[in-house]
Amino acid sequence: MDWLKDNTRHALETLKDQVSITLDSTNGHEIITINNIENPTTRETLANCLLSVASQVIQHDFELSVLLLGNSEDSLENLINETTALIDSTHANAWIAEAIFFILVVVAEDMHPPGKMLVHTLPHTSATRQGLDGTGIYYDSHMNCLGTAITEAKNYDDLNNGISVSINSFDKIEKDQLGAELRTVLYPLTRYLSTEFQEKLVSEMWKQARTYIPVVFFGSDPSYQKLIERKAFSKYSIPNTHKLLVLNEFNDRDTFYNEIKLEMKLQMKEWAKNV
């Protein structure tokens, strides 16, 4: 896997220069706009990063299979087959959107202004799997403590519908209905923290500091008012700086996804020859 790792390291560094982030403020929350994801020059780099994420997600499932069932499926052939199945699935576009945000929040520190992301969950193996789309632990520079970043990523035709659905996902957290799920997700992440940060861990850290991050990937429409305040998002009683609406607008979304998947398959052939 060294070949893939080396190529991915280079791609991640390149992606930092290819993608730019714009931050706008409203009365009740902040808006982050992702720029240049759709550019042809970005697609090869992004496909490399996505291929690496897909392989990590699938290998993680292989490891769970061994741990829980005693079945070992971890081989290059199975990994390639499972990655191909993921790319070709009905929900591949939604998975790619979720994985793109994961990549960006890891490489672009300005994707999370409240503080540096320290560890973050991998995307699901399927975009239809139930549960929180993404959960991370970050150091909150505003509150001088560890906090929890909670993401809901949506790949929708309609921007406003995508925003409404993703924002509604945070209501259960506000009503203290997801404590068990958050503990289950966060506990495995804590082992990857440095000793310095592990000493700062507190029970139910999301009640002390948290950010809500609805992420919407949508098709362009001149009628959309992208930078307006969303009252349903403003209502949450956390600082505006901790409510981050992330927008990625596509001029031709179908072409983007099709070309990304094609590029991933082309790179996978190269990967198979070098791994």
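Basis for what follows: all heavy atoms, side chains included, without hydrogens, waters or symmetry-related copies. Please read these numbers as outputs of a predicted model, since none were measured by experiment.
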Working to the nearest 0.5 Å, report the span between [atom1] of [X] and [atom2] of [Y].
X: N35; Y: S20; atom1: CG; atom2: OG; value: 4.0 Å
X: I213; Y: E152; atom1: CD1; atom2: CD; value: 11.0 Å
X: L247; Y: I34; atom1: CG; atom2: CD1; value: 8.0 Å
X: L132; Y: L182; atom1: CG; atom2: CG; value: 5.5 Å
X: I31; Y: L23; atom1: CD1; atom2: CG; value: 9.0 Å
X: K172; Y: L178; atom1: NZ; atom2: CG; value: 6.5 Å

NZ/NE/NH1/NH2 to OD/OE distance under 4.0 Å, [X] and [Y]:
X: K116; Y: D140; value: no
X: E249; Y: K226; value: yes
X: K231; Y: E229; value: yes
X: K207; Y: D176; value: yes

Determine, using the 4.5 Å side-chain heavy-atom cutoff (strictly less than), whether F233 and L227 are members of one ILVMFWY cluster.
yes

Is there a path from L146 to V202 through hydrophobic residues (I, L, V, M, F, W, Y) whose side chains come within less than 4.5 Å of each other?
yes

Say whether, by atom type as modelled, one donor and one acceptor occur between the side chain of [X] and the main chain of [Y] under 3.5 angstrom.
X: K243; Y: S234; value: yes
X: S141; Y: P114; value: yes
X: T255; Y: D252; value: no

Measure across V119 and Y192 and return the closest heavy-atom pair with its distance rounded to 0.1 Å.
CG1-CB, 3.6 Å

If I compare all heavy atoms of M205 with all of G147, which pair ends up nearest, and what's the gap?
SD-O, 4.1 Å

Please test R210 against E174 for side chain to side chain contact (heavy atoms under 4.5 Å, CB included), starting from the C-alpha separation and ending with a verdict.
CA-CA 11 Å; R210 65 188 181 277; E174 288 293 301; 2.8 Å; yes

Minimum side-chain heavy-atom gap [X]-[Y] below 4.5 Å:
X: K200; Y: L193; result: no
X: P188; Y: T121; result: no
X: V216; Y: V165; result: no
X: T22; Y: I32; result: no
X: T83; Y: L51; result: yes

Could you check I228 against T26 for side chain to side chain contact (heavy atoms under 4.5 Å, CB included), going step by step and ending with a plain yes or no?
CA-CA 7 Å; I228 62 171; T26 73; over 6 Å; no

Evaluate the criterion side chain to side chain contact (heavy atoms under 4.5 Å, CB included) for residue pair I163 and L245; output intermediate values, then yes/no.
CA-CA 8 Å; I163 291 174; L245 173 59; 3.9 Å; yes

Take a 6.0 Å sphere around CD of E44 and say whether it holds more than 12 heavy atoms from other residues, nucleotides or ligands.
no

Q177, CD atom: more than 12 neighbouring heavy atoms under 6.0 Å:
yes

Relative to the ring of F101, is the ring of H120 parallel (under 30°), tilted (30 to 60°) or perpendicular (over 60°)?
perpendicular

Taking the six-membered ring for Trp and the single ring otherwise, decide whether the centroids of [X] and [Y] are under 6.0 Å apart.
X: H29; Y: H242; value: no
X: F217; Y: Y156; value: no
X: F218; Y: F250; value: no

For a side chain to side chain contact (heavy atoms under 4.5 Å, CB included) check, start with the C-alpha distance between N155 and H91, then their side-chain angles and the critical distance, and finish with the verdict.
CA-CA 10 Å; N155 182 61; H91 303 286; over 6 Å; no

